[in-house]
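In what follows, a structure is listed as structure tokens, so that the remarks can point back to it.
Values below: all heavy atoms of this structure, side chains included; hydrogens, waters and symmetry mates excluded. Ligands are counted one by one from 1 in listed order, and the atoms in each one are counted from 1 as well.
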Amino acid sequence: MSRRKAEPYKIKMVESIKLISREERERKIIEAGYNQFALRAEDIYIDLLTDSGTGAMSDNQWAGIMLGDESYAGSRNFYNLEKSTNDVIGYKYLVPTHQGRGAENVLFPILIQKGQYVLNNMHFDTTKAHVELKNGRAINLVIEDAFDTEKEHPFKGNFDLNKLDSFINEHGVENCAFIIITVTCNSAGGQPVSMENIKGVRKIADKYGLKVVFDAARYAENAYFIKKREAGYEDKEIIDIVREMFSYGDALTMSAKKDGIVNMGGMIAIKEDEELYTQVRSMVVPIEGFPTYGGLSGRDMEALARGLRESIEEDYLESRIGQIEYLGQRLIDAGIPIQRPVGGHAVFVDCKKFCPHIPYYQFPAQAVCVELYKEAGVRGVEIGSFLLGRDPDTKEHIESPMELLRLTIPRRVYTDNHMDVVADALIEIWKRRDTLKGFEFTYEPEVLRHFTARLKPIE
Ligand SMILES: *Cc1c(COP(=O)(O)O)cnc(C)c1O
């Protein structure tokens with residue numbers, strides 16, 4: 001691999017982190033019931049739990065914070081955010097929300113009638129929950145290759161367009177609410193969707209008269225992948241790719257905690273449909289707040305207005321995606337099975353292959369996750385059968401198609417030295433992987449069990 005360029009920023013403020021001793025880590029993880037969600041952040045050295053809201057804001061964003069206008073109605077920061085939305089995304093109407101799920105909560109009841117299907121490449125978990133809370137049915141139509149971790153495919157987030165068309169055809173367009181394109185496809189490992197595929201979705205939507213809504217959390221990373229991997233886009237500016245992507249949609253919901261590079265925030269944006277905008281504007285008031293703040297303080301809207309513009313700077317994206325590739329390549333070089341190619345915000349370790357001796361109902365990815373904390377104070381997260389839970393009818397553990405350890409990289413927070421610590425630790429664990437043990441519950445809550453469950457190793 002050619003030598004990477006240095007980060008396109010220098011550091012003006014630092015936050016201390018410390019590595020507590022191995023004995024302390026072993027005590028802390030027992031106290032936490034072998035559940036990384038129950039650890040205190042101060043006991044973690046390198047925190048790769050999520051890239052959501054964990055990014056570092058720039059001096060420019062912090063300066064914007066001081067210009068917060070906390071007027072209840074008509075804050076200047078709302079108009080700045082509206083301008084950024086118009087410029088970067090190309091949509092006319094903006095309604096801020098406190099985060100992505102707030103946007104889903106406001107928009108979905110307007111678009112879903114009872115029992116209708118919502119068609120997505122792959123629903124993010126809160127998105128699926130909001131579809132179901134509004135009495136819709138969430139359908140995933142991502143290509144099959146997304147589930148084969150070793151198969152190299154440049155756009156593993158793509159819709160299977162044949163499946164999309166035949167699903168609508170078979171179930172009747174009147175039973176379909178709308179189509180969501182998730183960029184990048186979070187649940188498939190931060191995998192991008194190609195422009196060609198987005199155009200294909202638009203064509204099918206037009207054929208049936210359905211709306212297309214982007215789930216836009218990682219719009220900038222998706223655009224960067226299009227530039228790097230799709231013919232015809234190599235010389236285009238990121239902003240032009242972002243605008244072209246969104247031109248094929250009617251509206252979007254966004255968790256701004258990802259590519260918006262803010263610690264809290266979200267939005268609904270609408271291309272030009274004034275009637276939809278009017279409905280959203282009246283729905284947002286009782287749920288999130290008056291339409292010129294939507295659950296955000298003025299200063300937070302200003303930070304987001306600036307973050308939207310920073311996220312599409314190409315040297316930043318090159319550095320960010322390059323860092324994830326760097327970590328991924330170190331693991332690949334050591335023979336550790338990871339999802340390929342690496343996606344936009346995380347490296348996913350394939351723990352079915354890492355610990356083939358641990359069955360799914362003893363949570364192989366959780367075993368690697370716990371070991372990584374003990375080894376180096378690094379917190380990752382299990383995305384597998386522990387997360388998936390039990391079948392509501394049979395009460396049996398559901399077997400997840402993949403057992404993944406996600407190492408999620410916050411934006412502009414860690415250096416490559418931190419990545420080396422993570423890689424070195426995993427390589428050590430890989431060498432003694434046969435000794436890792438599975439887990440069983442000492443406490444198992446009924447819903448969303450992975451957040452609060454307590455575990456013990458099976459001796
Ligand atoms: C994070 C995320 C959401 C939910 O957003 P929050 O800001 O966490 O409420 C929705 N969709 C995708 C694809 C996400 O990554």
Decide yes or no for [X] and [Y]: does some side-chain heavy atom of the first lie under 4.5 Å from some side-chain heavy atom of the second?
| X | Y | answer |
| --- | --- | --- |
| Lys134 | Asn105 | yes |
| Leu49 | Phe37 | yes |
| Ile324 | Val347 | yes |

Point to revise | Phe124 six-ring centre to Lys258 NZ/CZ under 6.0 Å and within 45° of normal | key: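 Yes, a cation-pi geometry holds between Lys258 and Phe124.
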Check your understanding: Do you know which of Lys257, Arg218, His345 makes side chain to side chain donor-acceptor pair (under 3.5 Å) with Asp51?
Key ->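 One option only clears the test, and that one is Arg218.
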Practice item. At a heavy-atom distance under 4.0 Å, which protein residues reach ligand 1? Sort them by chain and number, would you? Key: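 Contacting ligand 1 under 4.0 Å are Gln99, Gly100, Arg101, Glu104, Phe124, Thr126, Thr127, Thr182, Asn186, Asp215, Ala217, Arg218, Ser255, Lys257, Lys258.
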Practice item. Not counting sequence neighbours, which residues clear ring-ring contact (aromatic ring centres under 6.0 Å, His included) with Tyr373? List them please. Key: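 Tyr373 satisfies ring-ring contact (aromatic ring centres under 6.0 Å, His included) with no other residue.
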